[in-house]
Protein chains: 2
Amino acid sequence: MNFLERIHLDTVRAVDQHGTMTAAAKSLNLTQSALSHSMRKLEDRLSIKIWLREGRNLVLTQAGEHLLATANRLLPQLVHAEEQLGQFARGERGTLRIGMECHPCYQWLQKITAPYLREWPSVDFRVKQEFQFGGIGALFAHKIDLLVTPDPLLRKGLHFTPVFDYEQVLVVSADHPLRNEKWVIPRQLGDATLFTYPVPQERLDIYTHFLNPARMAVRRQKVVETTDMMFQLVACGRGVAALPRWLVEEYASKYPVVPIRLGRRGVRKQIFSRRS
Amino acid sequence: MNFLERIHLDTVRAVDQHGTMTAAAKSLNLTQSALSHSMRKLEDRLSIKIWLREGRNLVLTQAGEHLLATANRLLPQLVHAEEQLGQFARGERGTLRIGMECHPCYQWLQKITAPYLREWPSVDFRVKQEFQFGGIGALFAHKIDLLVTPDPLLRKGLHFTPVFDYEQVLVVSADHPLRNEKWVIPRQLGDATLFTYPVPQERLDIYTHFLNPARMAVRRQKVVETTDMMFQLVACGRGVAALPRWLVEEYASKYPVVPIRLGRRGVRKQIFSRRS
DNA sequence: GCAACCTATGACTATCACTCATTGAATAAT
DNA sequence: ATTATTCAATGAGTGATAGTCATAGGTTGC
């Protein structure tokens with residue numbers, strides 16, 4: 001078994017194309033002798049004749065015709081497969097699966113990646129935001145190739161690359177009582193309604209870096225799915241939110257909202273990324 | 001180029017099936033080392049990773065997944081091709097193209113071949129009766145594999161195998177004036193209408209072996225396409241025909257016809273066959 | 001911590017794919 | 001006819017390389 005090798009398909013095809021075995025050999029960068037030997041071995045092992053030797057040229061037998069048809073069907077597929085693997089090698093193909101543990105980063109990421117995707121149409125790009133076992137889990141299970149997160153898991157041998165700094169700020173409407181404050185202290189939010197993304201509290205910076213340390217809480221917390229919705233609600237005075245300053249600045253032209261520093265020093269964060 | 005070989009497809013597939021490279025190696029009758037080496041070489045040449053080495057097992061990369069899909073698609077086709085070539089080898093497949101230069105032999109041939117064809121359904125069988133350059137020409141151009149003819153071409157190095165003897169006889173209706181003759185001489189046909197197959201006179205035995213040597217001719221010759229038609233016409237007394245005795249005997253139960261020897265000694269012929 | 005698994009790797013080897021040189025045969029040219 | 005080309009087949013020899021062996025480096029599970 002396993003008699004048929006690529007060389008045989010190549011040979012049958014080349015002989016058919018170039019007429020003679022000698023020409024075929026040249027086209028394959030081999031000697032006529034090499035092809036003769038390898039085909040003879042195939043013929044022996046299968047105990048069939050591929051060609052009839054008629055004078056000084058070769059005439060395909062029925063089995064040979066069949067083999068030629070097979071070669072014509074399979075070889076292009078092999079070549080195609082190699083080309084595609086080459087594309088993988090050059091990064092021209094494949095799916096870059098990005099996991100994101102920071103909600104508003106999606107828009108930032110799209111802005112970054114759009115020109116790249118336009119240039120490499122065969123590269124696919126997928127963003128996941130829901131992970132069964134957390135971002136790190138997805139990374140290790142090879143569900144994603146890259147994890148973007150504000151909360152890197154600090155374990156030995158686990159290296160995260162800082163991507164950019166940002167400041168987490170409070171967002172209030174332009175006519176909110178706190179609108180002119182340089183900064184706020186936790187107690188000032190005691191009566192507020194806080195809009196957050198639908199993630200656990202331990203991943204919300206305003207809790208971990210601001211409210212919890214002061215043992216304070218807001219009156220109400222409401223979950224909002226999208227960034228736009230959050231700005232809308234804040235803008236019409238229904239509550240406050242905590243978001244990156246760059247995001248607030250971007251939305252400031254669209255909604256009447258104001259960013260305010262959280263605490264005297266502000267809450268400074270970094271976005272990290274880690275490759276699989 | 002030409003990096004991808006069968007072993008690589010086999011390996012990827014076997015590893016996927018058996019879980020580990022060691023098990024895959026066993027299934028391919030190779031050592032783990034062999035697979036490791038050959039796959040590493042492929043990875044190097046394509047500069048891609050097929051697997052990620054995770055602890056003590058292998059996880060396919062995207063390129064690897066792609067290669068696996070390719071293997072799953074192509075390998076069965078290769079195996080199938082080998083099987084079919086094997087069938088050619090064992091004579092279980094293929095088309096036996098038989099050329100026939102003797103019209104009524106077709107029925108005889110079908111009787112011979114029917115049981116064989118029933119047993120080997122994947123063997124195809126084709127009979128040609130019209131040749132652009134004659135039976136021998138078709139044979140040498142590999143248009144047919146076997147030539148059945150009553151008129152072998154006697155050339156040096158050209159060997160025909162005699163298949164069976166037959167006697168060419170005159171066929172007349174059961175109430176024909178000649179019906180009781182032991183044999184006829186050419187002159188007795190001077191006034192007859194002769195039915196023949198649509199072939200040139202030099203291939204009609206009644207001319208070459210009977211009429212021509214005596215410089216005689218029939219009054220009329222009419223061409224008939226089928227054997228059945230010929231017997232019908234003879235039976236109702238519209239004329240006579242010259243056919244093999246075995247054929248006349250077969251049809252005698254169906255039509256009221258009588259065979260009569262051509263000349264005192266009869267016209268004895270042989271059917272020959274020759275393989276391509 | 002040990003045993004039982006993996007895969008990777010270097011060194012060595014045997015195989016076999018390939019080349020070289022030649023033969024034999026069929027065309028084509030003289 | 002005779003010779004020159006142009007094929008494929010073939011045997012002998014070799015060189016590349018696919019394979020084995022032995023071992024190292026890891027991970028997993030008991």
Side-chain angles (χ1 to χ4, degrees), chain A residues 1-61 64 67-68 140-142 155-158, chain B residues 1-61 64 140-142 155-158:
Chain A
M1 47 230 72
N2 278 31
F3 295 147
L4 263 187
E5 290 293 334
R6 185 169 187 174
I7 181 68
H8 301 125
L9 301 180
D10 278 322
T11 303
V12 174
R13 200 157 188 241
V15 168
D16 182 62
Q17 252 174 41
H18 297 90
T20 74
M21 209 163 183
T22 310
K26 210 186 309 176
S27 82
L28 296 173
N29 294 317
L30 288 171
T31 60
Q32 169 269 131
S33 179
L35 295 198
S36 181
H37 277 301
S38 76
M39 291 310 292
R40 170 140 240 285
K41 185 172 281 179
L42 179 68
E43 288 185 329
D44 286 350
R45 286 194 282 205
L46 288 169
S47 34
I48 52 171
K49 287 258 162 280
I50 304 297
W51 292 288
L52 294 173
R53 278 67 177 176
E54 295 270 309
R56 71 184 187 193
N57 42 1
L58 304 171
V59 180
L60 282 170
T61 60
L67 184 59
L68 174 61
F140 277 85
H142 299 288
R155 241 198 268 163
K156 66 171 177 182
L158 211 57
Chain B
M1 45 227 79
N2 279 30
F3 295 147
L4 263 187
E5 290 295 334
R6 186 168 186 174
I7 181 69
H8 302 124
L9 301 180
D10 277 323
T11 303
V12 173
R13 201 157 187 239
V15 168
D16 182 61
Q17 252 175 41
H18 297 91
T20 75
M21 208 162 183
T22 310
K26 211 185 308 175
S27 83
L28 295 172
N29 292 317
L30 289 171
T31 60
Q32 169 270 133
S33 180
L35 295 198
S36 182
H37 278 301
S38 76
M39 291 311 291
R40 170 140 239 284
K41 186 172 280 179
L42 179 68
E43 288 185 329
D44 285 351
R45 285 195 282 204
L46 288 169
S47 33
I48 52 171
K49 286 255 161 284
I50 304 295
W51 293 287
L52 294 172
R53 279 67 176 176
E54 296 268 309
R56 71 183 185 193
N57 42 2
L58 304 171
V59 181
L60 282 170
T61 60
F140 278 83
H142 299 289
R155 242 198 268 163
K156 65 171 179 183
L158 212 57

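Here the structure is a predicted model, which is why all the values come from computation and not from measurement. In what follows, every chain begins at residue 1, and chains take the letters A, B, ... in the order their sequences are listed.
Across all strands, Ser33(B) comes closer than 4.0 Å to base atoms (heavy-atom distances). Within 4.0 Å (heavy atoms only), Leu30(B) reaches sugar-phosphate atoms of the nucleic acid but no base atom. Within the 4.0 angstrom heavy-atom criterion, no nucleotide atom of any strand lies near Glu54(B). Nucleic acid contact class of Ser36(B) (heavy atoms, under 4.0 Å, all strands): base.
dA17(C) atom C1' lies 15 Å from atom CG of Asp10(A), rounded to whole Å. For Leu58(A) and dT27(C), the CG to P distance is 13 Å, given to the nearest whole Å. Taking atom CZ of Arg6(B) as the reference point, atom P of dA18(D) lies 17 Å away to the nearest angstrom. For the pair Met21(B) CE and dT27(D) C1', the computed distance is 17 Å after rounding to whole Å. Computed from coordinates, the Asn57(A) CG to dA8(D) P distance equals 8 Å when rounded to whole Å. Remark: P of dC18(C) and CZ of Arg40(A) are 17 Å apart, rounded to the nearest angstrom. Remark: P of dT17(D) and CG of Leu42(B) are 15 Å apart, rounded to the nearest angstrom. For the pair Trp51(A) CH2 and dA8(D) P, the computed distance is 9 Å after rounding to whole Å.
OP1 and OP2 of dT17(D) both lie 4.0 Å or more from every side-chain N or O belonging to Lys41(B). Using a 4.0 Å cut-off, no side-chain N or O of Thr22(A) falls inside it from OP1 or OP2 of dT6(D). Distances shorter than 4.0 Å separate some side-chain N or O of Thr31(B) from OP1 or OP2 on dT20(D).
In terms of heavy atoms, Ile7(A) sits closest to Ser38(A) at CG1-OG, 4.3 Å. Shown here for Thr22(B) and Gln32(B), the closest heavy-atom pair between the two residues is OG1-CG, 3.9 Å.
Atoms CE and CE, from Met39(B) and Met21(B) in turn, are 6.5 Å apart once rounded to the nearest 0.5 Å. Once rounded to the nearest 0.5 Å, the distance linking CG of Leu46(A) with NE2 of His8(A) reads 8.5 Å.
Comparing dA8(D), dG19(D), dC20(C) against the side chain of Ala34(B) picks out dG19(D) as the nearest.
Not a single donor-acceptor contact under 3.5 angstrom links the side-chain atoms of Arg56(B) to the base of dT7(C).
Toward the 5' end of DNA chain C, the nearer of the two residues Ile7(A) and Glu43(B), judged by each one's closest nucleotide, is Glu43(B).
You'll find the side chain of Leu58(B) stays beyond 4.5 Å of the side chain of Ile50(B), heavy atoms only.
Stacking between His37(A) and dC18(C) is absent: the aromatic ring centre is not both under 5.5 angstrom from the base six-membered ring centre and within 30 degrees in plane angle.
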